[in-house]
Undergrad: 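Sharing a structure, written as structure tokens. Questions coming.
Note that the structure is a prediction, hence the values are computed from the model and not measured. Starting from 1, each residue takes its place in the sequence as its number.
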Amino acid sequence: MYLNPNIKRCGAKLERRAIQLGIRNKKIEKYAKNDILQIENISEFVKEQHQYVLSKELDKLMIPQDKNVIIQILY
């Protein structure tokens with residue numbers, strides 16, 4: 001698979017780090033019921049974008065920008 005030249009290859013070392021936190025009990029229930037605003041099926045969009053990869057028209061790819069999110073956890 002070919003990637004946008006402005007994006008590092010899969011598996012390449014990133015300049016930033018991420019961690020995954022486990023959420024359980026009441027907090028996961030709150031997250032599932034209150035914090036998720038919308039779930040959208042983007043399968044068709046991904047299929048369209050994949051055609052640009054297959055035809056090597058990478059300049060036409062629409063790639064979302066990463067966002068840094070700061071989460072404050074109150075106990």
Undergrad: So which heavy atom on L58 is nearest to which on V53, and how close?
TA: CD2-CA, 4.0 Å

Undergrad: For E29, give me all partners under salt bridge (charged side-chain N to carboxylate O under 4.0 Å, His left out), at least two apart in sequence or on another chain.
TA: K33

Undergrad: The criterion is side chain to side chain contact (heavy atoms under 4.5 Å, CB included); which residues satisfy it with L54, sequence neighbours excluded?
TA: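 For L54 the side chain to side chain contact (heavy atoms under 4.5 Å, CB included) partners, ignoring immediate neighbours, are H50, Q51.
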
Undergrad: Under the side chain to side chain donor-acceptor pair (under 3.5 Å) rule, collect the residues that match up with N41, sequence neighbours excluded.
TA: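 If we apply the side chain to side chain donor-acceptor pair (under 3.5 Å) test to N41, skipping adjacent residues, the hits are S43.
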
Undergrad: Which residues, ordered by chain and number, are linked to V46 in its hydrophobic cluster, where ILVMFWY side chains connect at heavy-atom gaps below 4.5 Å, directly or through other members?
TA: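 Once heavy-atom contacts under 4.5 Å are chained together, V46 belongs with I42, F45, M62.
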
Undergrad: Not counting sequence neighbours, which residues clear salt bridge (charged side-chain N to carboxylate O under 4.0 Å, His left out) with E44? List them please.
TA: K47

Undergrad: For N34 and L37, work out which heavy atoms get closest and say how close.
TA: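 Shortest heavy-atom contact: O-CD2, 4.3 Å.
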
Undergrad: Determine the minimum heavy-atom distance between Q49 and K60, stating which atoms define it.
TA: OE1-O, 4.1 Å

